[in-house]
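A quick write-up on the structure given underneath.
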Amino acid sequence: ITARDEYMKKHLWTFIKKYNLPIETIDCTDDAPKLPYIVASNAIRHYDDAAVLRKGLIKHQIQFYLVDPIKETIKKVA
């Protein structure tokens, strides 16, 4: 789930494939807050480049992986 617009999906799939992330679908919120969508989808983990979601994900027992596209790293945070 991303706050990005639908037109960004092609770019996102490129990133997902580059890092071999286990992502099956991309849902865009078109700039709406992501957390309610993540929770409603019954997600068990979430990959994001923004740590701002960390506390909300932990509260809902959702694993969080922080993605750094500049350093090209993925780190499990919660």
Does P22 reach the side chain of Y47, with side-chain heavy atoms less than 4.5 Å apart? yes

How about I26 and T2: do any of their side-chain heavy atoms sit closer than 4.5 Å? yes

The residue among N20, L66, D49, L21 that forms side-chain contact (heavy atoms from CB on, under 4.5 Å) with I74 is L21

Between [atom1] on residue [X] and [atom2] on residue [Y], distance to nearest 0.5 Å:
X   : Y   : atom1 : atom2 : value
Y65 : L57 : OH    : CG    : 12.0 Å
I1  : T29 : CD1   : OG1   : 8.5 Å
C28 : E6  : SG    : CD    : 4.0 Å
I23 : R45 : CD1   : CZ    : 8.5 Å
L35 : K55 : CG    : NZ    : 13.5 Å

With a 4.0 Å cut-off, would you call K34 and D48 a salt bridge? yes

Smallest separation among heavy atoms of [X] and [Y], with atom names:
X   : Y   : answer
P69 : F15 : CB-CE1, 3.7 Å
H46 : I62 : N-CG2, 4.1 Å
Y19 : E72 : OH-CG, 2.8 Å
A3  : A32 : CB-O, 3.9 Å

Tell me if the NZ atom of K9 is crowded by more than 12 foreign heavy atoms within 6.0 Å. yes

Taking the side chain from K76 and the backbone from Q63, do they hold a donor-acceptor pair closer than 3.5 Å? no

Using a 3.5 Å distance criterion without hydrogens, assess whether the side chain of D68 forms a donor-acceptor pair with backbone atoms of I70. yes

